[in-house]
Amino acid sequence: MPDTNTNPDEPKAESRNFIEQIVDADIASGKWGDAGDRSVVATRFPPEPNGYLHIGHAKSICLNSGLAEQFGGTFKLRFDDTNPAKEEQEYVDSIIGDVEWLGARWEGEVRFASDYFGQFYEWARDLIAKGLAYVDEQSPEQIRNNRGNVTEPGVNSPFRDRPAAESLDLFARMKAGEFEDGSMVLRAKIDMASPNMNLRDPVMYRVLNAHHHRTGDTWHIYPMYDWAHGLEDSIEGITHSICTLEFENHRPLYDWFIDAINKDRGEPIHHPQQIEFARLEPTYIITSKRSLKLLVDENHVTGWDDPRMPTISGLRRRGFTPESFRSFAKATGVTKYKGSHDIGLLEAAVRDHLNTEAPRRMAVLDPIKVVITNWGEHGDESRIEEFNAVNNPNNPDDGSRTVTFGKEIYIERDDFMEDPPKKFFRLGPGREVRLRYAYWVTCTDFIKDDAGNITEIHCTYDPQTKGGENPPPDAEGKVRKVKGTIHWVGAHDAVDAEVRLIDRLFTAEHPAKAPKDDEGGWSFMDNLNPDSMKVVRNAKFEPALASRTPSESAWADGIRRYQFERLGYFCEDRDSTQSNLVFNRTVTLRDSWAKNAGK
RNA sequence: GGGGCAAUGGUGUAAUCGGUAGCACGACAGAUUCUGAUUCUGUUAGUCGGGGUUCAAGUCCCUGUUGCCCUACCA
């Protein structure tokens with residue numbers, strides 16, 4: 001047996017993902033500073049402001065900011081705004097809001113790659129002077145054709161060996177705006193025969209006579225992502241430059257650029273370490289920004305923050321919490337394996353959070369009227385009785401509120417069956433159920449309209465069950481039992497409301513994946529779920545849902561969230577007004593009855 | 001015909017020097033319950049294939065297979 005000096009009573013050390021292990025090793029070896037100094041860890045989140053952030057970005061934010069937090073290092077927020085054609089201020093604003101909402105705290109000001117354009121330009125001139133870059137006047141087509149392919153080497157540009165002075169002059173004139181878009185580029189002089197296509201003299205700058213959302217018209221050339229990105233990280237002193245798997249083949253290029261700048265240089269510039277991990281790929285969701293933009297532009301959804309969208313703003317509007325994002329990010333792990341992640345994990349995470357935090361309320365989505373026929377036999381027929389309802393049985397500190405009961409109430413249409421099976425624990429002719437917090441009632445009759453729809457149910461109540469309590473034992477000592485408890489809302493004080501029942505936007509587990517027999521006609525739009533949002537306009541709410549009750553604590557983001565008993569978790573939509581309440585369903589409760597009924 | 005990366009239950013992930021394959025979600029059973037929720041208990045099921053080294057292999061070596069990425073003046 002091996003030496004087992006571990007104490008079984010000691011909690012097992014938390015497992016570390018492969019990135020944490022790298023950081024641990026770097027700190028131990030003193031790679032970035034004094035050995036053991038954890039505060040040297042510097043990470044960042046570098047979005048391009050060309051769309052709204054989605055749940056995959058949320059994971060990256062959690063990973064990067066979480067690492068900095070865990071080690072006591074720093075986390076920065078930087079926009080990668082190197083392409084003026086696609087980027088807009090609206091996206092900058094939404095992204096900042098999303099990162100804040102998630103709870104990630106960045107160091108100092110928000111940064112922009114465009115702030116470093118001058119530095120990039122100087123370093124590019126330096127590379128030209130060293131004979132490591134050149135201005136190429138080939139057309140885009142020629143450049144593409146001369147690049148070769150994965151098995152064939154490319155051929156050198158005829159401009160590759162032009163004198164540095166000539167390139168320097170041309171580069172200055174490119175910057176000055178003397179040339180047309182696409183007329184020439186600055187290329188790194190690496191190796192046109194490299195098996196890594198990224199090293200076949202990649203383009204560093206292109207002529208783009210375009211207006212930039214921050215630098216205006218000062219530039220006529222813009223750096224390519226591959227040239228800029230590693231330099232941005234270098235300038236900001238990023239130690240661990242975390243990105244997704246598809247950039248693995250780019251890492252040698254980023255290393256080459258830094259080495260090229262540092263060649264013959266007195267004080268070398270900082271050389272970040274890039275680490276790639278597999279992006280989050282949740283089921284039933286698409287995360288391509290292009291596709292998401294298409295959904296918005298073609299009005300398949302109402303906007304980037306439509307509650308069906310996998311964007312952070314959409315999921316927030318749907319009711320998901322920052323905590324649920326963080327635990328989802330943690331649950332999905334950090335690896336280099338490109339799998340897919342069950343969206344059920346996100347739903348489990350938000351249920352878990354909301355179960356402890358969300359006050360309970362009663363709401364009837366598809367109301368059917370119930371008349372208590374013997375209400376007048378035990379007192380004034382018009383009387384209203386008050387009952388105490390706890391806000392959260394799992395959290396006694398949440399207090400309670402009052403619900404009121406009278407002769408007429410509403411229950412859920414689903415909670416009554418004319419001819420129920422034995423295992424149906426709800427209402428049916430002759431059956432008795434508990435109305436939560438109120439009384440036990442027995443169905444004596446029901447009324448149908450000409451179309452055969454049930455329009456009204458008649459019940460008697462048992463005054464001995466006041467508050468929903470069990471009735472006293474009978475003469476033989478037996479206590480009557482009831483199998484089911486259902487929710488209800490008093491007809492006399494019910495508040496009308498609109499409820500949006502949100503379901504997954506796509507019906508396919510992998511909506512972006514074309515079927516095998518696709519011959520080109522397929523589109524991810526084919527997988528759109530026609531029932532992704534059902535709007536219920538005649539829901540009945542208990543009055544305590546109309547506004548926040550005094551006993552209720554406010555949510556950090558100001559969004560009111562509740563559990564509607566037996567239905568699910570819901571939050572108030574931003575369309576909601578005092579006179580027209582609108583709620584979104586975040587997620588249903590787990591429902592083993594519905595699951596078995598479906599079998 | 002090239003280069004890079006990856007492979008552990010249904011899904012996602014752990015396993016420190018080569019030493020009991022663990023956790024979460026799900027599924028299934030049962031208990032509790034004024035939410036068919038929650039909670040609790042139990043069950044289920046896994047190291048991509050083939051060789052090799054070793055007392056001992058998810059882990060080391062050889063070899064094969066499968067999947068993903070790479071030929072924008074996008075990021």
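Naming: A, B, ... by sequence-line order, numbering from 1 per chain.
The shortest distance between side-chain heavy atoms of A:L208 and A:H220 does not fall below 4.5 Å. Under the 4.5 Å side-chain criterion, counting only non-hydrogen atoms from C-beta, A:E385 is not in contact with A:T404.
The residue A:F564 sits apart from the nucleic acid: no heavy atom pair falls under 4.0 Å. Residue contacts shown for A:T283 are absent, as no nucleic acid heavy atom lies under 4.0 Å away. A:H250 comes within 4.0 angstrom of a base, heavy atoms only. Residue A:K289 is out of contact with every strand shown, counting any heavy-atom pair closer than 4.0 Å. Residue A:K483 is out of contact with every strand shown, counting any heavy-atom pair closer than 4.0 Å. A:Y437 comes within 4.0 angstrom of a base, heavy atoms only. Backbone-only engagement by A:V334 is indicated by non-hydrogen atom pairs under 4.0 Å involving sugar-phosphate atoms exclusively. Contacts of A:G339 with the nucleic acid, taken as non-hydrogen atoms under 4.0 Å apart, involve only primed sugar atoms and P, OP1 or OP2. When heavy atoms are screened at a 4.0 angstrom cut-off, A:P393 is found touching base atoms of the nucleic acid. Backbone-only contact: A:T82 has heavy atoms under 4.0 Å from sugar-phosphate atoms and none from a base.
Here B:rA27 sits opposite B:rU43 as a Watson-Crick or G-U wobble pair (both hydrogen-bonding atom distances under 3.5 Å). In this structure, B:rU66 and B:rA6 make a Watson-Crick or G-U wobble pair, each of the two defining distances being under 3.5 angstrom. The pairing partner recorded for B:rG1 is none, the criterion being a Watson-Crick or G-U wobble arrangement whose two distances lie under 3.5 angstrom. Across the strands present, B:rU35 finds no partner; the criterion is a Watson-Crick or G-U wobble pair with both atom distances under 3.5 angstrom.
Taking the six-membered ring for Trp and thresholds of 30 and 60 degrees, A:H54 and A:H57 have ring planes inclined between 30 and 60 degrees apart. Between A:F247 and A:H250, the ring planes lie perpendicular to each other; the angle is over 60°, past the 30° to 60° tilted range. Aromatic ring orientation, A:Y121 versus A:F171: parallel (interplanar angle below 30°, classes split at 30° and 60°).
Taking 4.0 angstrom as the limit, A:S340 places none of its side-chain polar atoms (N or O) nearer than this to OP1 or OP2 of B:rU11. Remark: A:T485 is not in phosphate contact with B:rU35, judged by side-chain N or O atoms under 4.0 Å from OP1 or OP2. For A:S15 and B:rU13, the shortest distance from a side-chain N or O to OP1 or OP2 is not below 4.0 Å. Between A:R566 and B:rG36 there is a side-chain N or O to OP1 or OP2 distance below 4.0 Å.
Considering only the side chain of A:A348, B:rC25 comes nearest among B:rA37, B:rC25, B:rG1.
Pairing each heavy atom of A:D201 with each of A:I190, the nearest pair is OD1-N, 2.7 Å. When all heavy atoms of A:R162 and A:S167 are compared, the closest pair comes out as CD-OG, 3.2 Å. When all heavy atoms of A:E276 and A:R251 are compared, the pair lying nearest together is OE2-NE, 2.7 Å.
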Inset, instruction - Report the C-alpha separation of A:I242 and A:F277 in whole Å, then their side-chain angles, then the decisive distance to 0.1 Å, and conclude whether the side-chain contact (heavy atoms from CB on, under 4.5 Å) test is met. - result: CA-CA 7 Å; A:I242 297 167; A:F277 77 106; 3.5 Å; yes
Inset, instruction - Go through A:S241 and A:R44 one step at a time and tell me if the side-chain contact (heavy atoms from CB on, under 4.5 Å) criterion holds. - result: CA-CA 7 Å; A:S241 177; A:R44 106 263 97 133; 3.2 Å; yes
Inset, instruction - Could you walk me through whether A:V207 and A:K175 pass the side-chain contact (heavy atoms from CB on, under 4.5 Å) test, one step at a time? - result: CA-CA 8 Å; A:V207 175; A:K175 173 175 180 274; over 6 Å; no
Short N/O separations, protein against nucleotides 38-40 of chain B, under 3.5 angstrom:
residue, atom, partner, partner atom, Å
B:rU38, OP1, A:R590, NH1, 3.2
B:rU38, O2', A:N355, ND2, 2.9
B:rU38, O2', A:N394, ND2, 3.2

Atom pairs under 3.5 Å: protein N/O with N/O of nucleotides 57-60 of chain B:
none

Shorter than 3.5 Å, N or O on both sides, protein versus nucleotides 71-73 of chain B: list them out with atom names.
residue, atom, partner, partner atom, Å
B:rC73, OP1, A:R147, NH2, 3.3
B:rC73, OP2, A:R147, NH1, 3.4
B:rC73, OP2, A:R147, NH2, 3.2
B:rC73, N3, A:G182, O, 3.2
B:rC73, N4, A:Q138, O, 3.2
B:rC73, N4, A:P140, N, 3.3
B:rC73, N4, A:G182, O, 2.9

Between protein and nucleotides 3-6 of chain B, what N or O pairs are separated by less than 3.5 Å?
residue, atom, partner, partner atom, Å
B:rG3, N2, A:N249, ND2, 2.8
B:rG4, O2', A:N249, OD1, 3.4

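One atom, NE2 of A:H341, and another, P of B:rU11, lie 12 Å apart when rounded to the nearest Å. Distance A:M204 CE to B:rC74 C1': 17 Å, rounded to the nearest Å. Per the geometry, NZ belonging to A:K513 stands 10 Å off P belonging to B:rC69, to the nearest Å. Here B:rA24 presents its P atom at 13 Å from CG of A:L345, a figure rounded to the nearest Å. When rounded to the nearest whole Å, the span between CZ of A:F79 and P of B:rA75 equals 16 Å.
For A:Y134 and A:F159, the gap between ring centers reaches or exceeds 6.0 Å.
Take the nearest nucleotide of RNA chain B for A:S592 and for A:E246: the residue whose nucleotide is more 5' is A:S592. Looking at which nucleotide of RNA chain B each of A:L589 and A:N17 is closest to, the 5′-most match is held by A:N17.
Only the C1' atoms considered, B:rG36 is 15 Å distant from B:rG30, to the nearest whole Å. Rounded to the nearest Å, the gap between the C1' atom of B:rU38 and that of B:rA21 is 32 Å.
Using a distance-only test at 3.5 Å, with no hydrogens or angles considered, a donor-acceptor pair links the side chain of A:R561 to the main chain of A:F320.
Judged purely by distance below 3.5 Å, without hydrogens or angles, the side chains of A:E88 and A:H213 never pair a donor atom with an acceptor atom.
Base orientation of B:rC25: anti, since the glycosidic angle falls outside 90° of 0. In this structure, B:rA7 is classed as anti because its glycosidic torsion departs from zero by more than 90°.
Taking the ring-ring contact (aromatic ring centres under 6.0 Å, His included) definition, one finds that A:F328 meets it with nothing, sequence neighbours left out.
Among A:F541, A:Y569, A:F570, the single residue meeting the ring-ring contact (aromatic ring centres under 6.0 Å, His included) criterion with A:F583 is A:F541.
Between the side chain of A:E152 and the base of B:rG2 there is no donor-acceptor pair of N/O atoms closer than 3.5 Å.
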Which side-chain N or O atoms in residues 336-349 of chain A pair as donor and acceptor under 3.5 Å with protein atoms at least two apart or in another chain?
residue, atom, partner, partner atom, Å
A:K336, NZ, A:E248, OE2, 2.6
A:H341, ND1, A:E281, N, 3.0
A:D342, OD1, A:G344, N, 2.8

